[in-house]
There are 2 protein chains.
Amino acid sequence: MSSGGNTIYDIASAAGVSITTVSRVLRGEPNVAQRTRTKVENAIEQLQYQPNAAARGMAGGKTGTLGIVLPQLLNPHYAMIYTGAVSAAIESGQNLQLFSRHDILGKGASALPALMNPHLDGIVLYLEYPQREGLEQLEKTLNEIHRSMPFVLIGTVAPELPYPAISYNMAAIMKSTVSYLTGLGHRRIAFIGGAADSTNELRRDIGYQQGLREAGIIYRDDYRIPCSDTLEAGSSALRQLLDHLPRSEWPSAVIALNDLVATGLMASARTYGLRLPDDLSVIGCDNLFYAPYLTPSLTTIDLHQQQLGINAIRLLLSGDSRRENAAWHLIERNSCRPYF
Amino acid sequence: MSSGGNTIYDIASAAGVSITTVSRVLRGEPNVAQRTRTKVENAIEQLQYQPNAAARGMAGGKTGTLGIVLPQLLNPHYAMIYTGAVSAAIESGQNLQLFSRHDILGKGASALPALMNPHLDGIVLYLEYPQREGLEQLEKTLNEIHRSMPFVLIGTVAPELPYPAISYNMAAIMKSTVSYLTGLGHRRIAFIGGAADSTNELRRDIGYQQGLREAGIIYRDDYRIPCSDTLEAGSSALRQLLDHLPRSEWPSAVIALNDLVATGLMASARTYGLRLPDDLSVIGCDNLFYAPYLTPSLTTIDLHQQQLGINAIRLLLSGDSRRENAAWHLIERNSCRPYF
DNA sequence: ATCCAAATTGAAAGCGCTTTCAATTTGTCA
DNA sequence: TGACAAATTGAAAGCGCTTTCAATTTGGAT
């Protein structure tokens with residue numbers, strides 16, 4: 001198998017020392033005489049030696065490999081996070097192993113420990129927390145993982161759980177989004193978002209309602225359409241919204257779960273003869289790469305995903321168990337217009 | 001470390017057999033008495049045993065892990081391939097480890113063997129073949145990899161190299177794209193594509209010129225703009241194209257390297273007051289998820305990326321060393337219009 | 001020159017598995 | 001019933017590393 005198959009033994013004999021010593025310099029232990037260290041380093045250089053990660057892991061040492069669990073990659077939102085994470089990992093000489101949730105999480109977070117099988121030095125977890133899984137169950141799972149390796153939670157996070165985390169303050173983001181629209185004069189603001197069985201969406205709803213309340217707007221149930229995470233769902237959600245309302249009560253602005261949904265919804269709006277943004281303001285979330293190129297260009301929330309990925313890895317590596325909020329900001333483009 | 005830490009020894013004693021026997025049933029060896037097999041299987045079930053992949057790899061057995069090398073993931077083109085690949089891997093009980101090229105290929109394919117360090121059962125390689133790397137160098141690298149694990153090449157492939165592969169016939173695709181446009185009556189057809197230092201782009205150019213020739217159109221150097229793989233590059237490439245041409249010679253159609261470039265280019269076109277598709281037909285490649293939602297919706301080549309990912313894994317697993325072409329088809333939408 | 005602590009090195013065990021190879025059991029045919 | 005091949009099992013080595021723990025060397029201090 002191993003083609004370049006140089007082992008620690010080869011280095012040892014080349015340098016005329018024991019494998020223990022080689023192992024020492026490999027791991028950067030301090031108590032090695034400078035002369036010896038140099039000899040070994042030369043041998044390593046000469047033979048192009050590369051430590052075998054599997055053997056390392058098995059011997060109980062660091063593997064130099066981190067992991068990241070992400071729901072999927074087709075949504076660029078996650079791909080950005082991944083990309084940030086890899087770059088940070090590389091920067092500190094680590095490998096990053098991706099587990100796209102699809103792999104393993106058919107059964108929810110409880111399936112996670114199974115994938116901890118490969119020995120990782122730590123893992124970044126982007127989980128979703130459906131209510132039904134229950135906090136107790138989740139906590140149990142996380143405790144189990146915690147016993148075998150450090151981790152940090154990102155994205156949506158259960159604030160009740162005392163783990164290192166970088167999370168989106170969805171309530172704040174949502175409230176701010178609503179405020180932006182009310183600031184533009186909108187009063188009929190719909191929200192096309194997720195079903196409220198995940199912590200994430202629950203918080204969004206809270207923020208949505210807070211935002212409305214602050215502007216003295218009464219929450220309407222029929223302005224709140226549940227919707228999954230795709231373009232098509234966005235399209236049909238808007239149809240569902242409009243079809244159940246007399247034209248006079250159609251919203252003047254709609255907040256989409258994310259840019260995917262916003263994209264779908266915009267196409268749908270046109271089929272109703274709605275001009276964008278004149279007849280309907282749309283705001284998304286994620287700031288996907290093509291958002292500026294839609295017609296009209298999409299106003300959205302930039303979630304700084306790459307930076308999130310970077311920060312997650314750094315936090316993981318730091319060993320710190322800090323809990324912080326992820327940065328974000330609203331990007332004004334042309335899909336929202338003042339309403340009079 | 002190992003939290004659920006059940007080893008083959010635990011199973012062995014639970015089942016009252018030797019670890020050798022456990023190993024046998026684990027690997028599905030035939031010569032185990034049915035009674036024994038059942039006992040062991042029960043023990044495995046009871047103790048929720050999960051074989052340790054690292055140990056396996058080190059002992060020289062199958063690790064149950066495949067790898068895939070992809071240039072990056074921000075372009076959904078690759079994310080789709082990855083997604084297909086994971087699903088096929090899961091389906092056959094394998095893990096899939098992603099190496100996004102960024103990780104390791106700073107120095108070109110020659111850096112590949114280094115990452116073969118983790119013992120993989122096989123790997124899917126999506127490489128790009130810049131001319132300068134040279135076929136000899138590449139071949140050497142591939143041979144080296146070949147010695148340590150089976151692989152299959154996907155995407156663009158050097159046809160001279162006798163390795164299992166699923167490749168895009170870029171020349172055919174490109175020729176067909178040109179024909180589509182000439183069929184619509186276009187005569188001034190520009191091509192905004194990659195620099196011709198990669199095999200991939202070389203073939204596209206060949207197809208482009210073939211397509212033109214077949215329609216009796218003379219190739220113009222100034223209709224051929226080199227461009228990298230991004231929206232922004234697409235934008236500026238179009239500017240470069242138009243700025244160097246008198247309005248009367250502006251192309252009536254433009255073929256973009258891919259949908260990313262097409263997207264950027266369309267935005268740019270509008271700044272020149274060009275109406276799409278009336279004044280300019282645009283055709284992309286990749287059929288990214290948002291292509292139907294652009295204005296106008298983008299005519300493009302669907303590259304069946306998920307299926308490619310699936311097929312690559314299957315081919316890898318089959319051990320077959322077949323070489324085949326990847327499927328594709330043109331999707332007509334609204335960004336191209338007949339030209340009179 | 002002598003002695004002891006500190007610094008440096010190495011021997012050996014063990015991580016969890018696969019893989020010969022040998023030992024034992026079983027089954028079959030005479 | 002005995003003998004021999006086939007089927008089934010197990011002992012032990014080894015994969016490449018880390019990690020005690022003990023042995024050796026070094027360097028001051030006396």
Side-chain angles (χ1 to χ4, degrees), chain A residues 1-41 43-44 47-65 116-121 148-149, chain B residues 1-41 43-44 47-65 116-121 148-149:
Chain A
M1 358 153 249
S2 345
S3 52
N6 269 326
T7 78
I8 203 176
Y9 286 91
D10 299 320
I11 306 303
S13 65
V17 299
S18 75
I19 62 162
T20 312
T21 300
V22 176
S23 177
R24 282 199 183 93
V25 350
L26 243 24
R27 283 168 303 121
E29 269 196 24
N31 33 348
V32 176
Q34 188 51 51
R35 267 184 62 90
T36 318
R37 183 182 302 278
T38 309
K39 270 193 307 185
V40 174
E41 279 165 350
I44 291 177
L47 282 68
Q48 299 208 59
Y49 169 77
Q50 277 244 334
N52 175 322
R56 274 202 163 158
M58 223 188 49
K62 298 277 166 210
T63 50
T65 302
M116 300 305 151
N117 175 12
H119 182 63
L120 269 20
D121 291 350
S148 69
M149 68 185 70
Chain B
M1 357 153 250
S2 346
S3 53
N6 269 327
T7 78
I8 203 175
Y9 286 91
D10 300 321
I11 306 302
S13 65
V17 299
S18 75
I19 62 162
T20 312
T21 301
V22 177
S23 177
R24 283 200 183 93
V25 350
L26 244 23
R27 284 167 303 122
E29 271 195 24
N31 34 348
V32 176
Q34 188 51 53
R35 266 183 62 90
T36 318
R37 183 182 301 277
T38 308
K39 271 194 304 185
V40 173
E41 279 165 349
I44 290 176
L47 282 68
Q48 299 207 60
Y49 169 77
Q50 278 245 333
N52 175 322
R56 274 202 164 156
M58 224 190 47
K62 298 276 166 211
T63 51
T65 301
M116 300 306 152
N117 175 11
H119 181 63
L120 268 20
D121 291 351
S148 69
M149 68 187 71

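Order of the sequence lines fixes the chain letters, A, B, ..., with proteins taken first and strands second; residue numbering starts at 1 for each chain.
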Query - Atom-to-atom span, CE of A:Met58 to P of C:dA13 - whole angstrom - result: 16 Å

Query raised in the report: Phosphate oxygens OP1/OP2 of D:dA11: is one of them under 4.0 Å from a side-chain N or O of B:Ser18?
Result: no

Report task. Assign B:Ser23 to base, sugar-phosphate, or nothing according to its heavy-atom contacts below 4.0 angstrom with the strands shown. Result -> base

Requested in this report: May I ask you to verify if any side-chain N or O of A:Thr36 is less than 4.0 angstrom from the OP1 or OP2 atom of C:dT9?
Outcome: yes

Query raised in the report: How many Å lie between CD1 on B:Ile8 and C1' on D:dA12, as a whole number?
Result: 14 Å

Query raised in the report: CZ of B:Arg35 versus P of C:dT25: gap in Å, rounded?
Result: 15 Å

Query raised in the report: Any idea which of D:dG10, C:dT8, D:dT18 is nearest the A:Ala59 side chain?
Result: D:dT18

Query raised in the report: Hey, what bend do you get for the helix from C:dA1-D:dT30 to C:dA30-D:dT1 if you fit axes on five pairs at each end, rounded to 10°?
Result: 40°

Report task. Using salt bridge (charged side-chain N to carboxylate O under 4.0 Å, His left out) as the criterion, list what pairs up with B:Arg24, not counting sequence neighbours. Result -> B:Glu29

Query raised in the report: To the nearest Å, how far apart are A:Lys39 NZ and C:dT8 P?
Result: 14 Å

Query raised in the report: Base, sugar-phosphate, or nothing for A:Leu26, non-hydrogen atoms under 4.0 angstrom?
Result: nothing

Query raised in the report: Whole Å only: how far is the CZ atom of A:Arg27 from the P atom of D:dG16?
Result: 18 Å

Requested in this report: Quick one: label A:Thr20 by what it contacts on the DNA or RNA (base, sugar-phosphate, nothing), any heavy atom closer than 4.0 Å.
Outcome: base

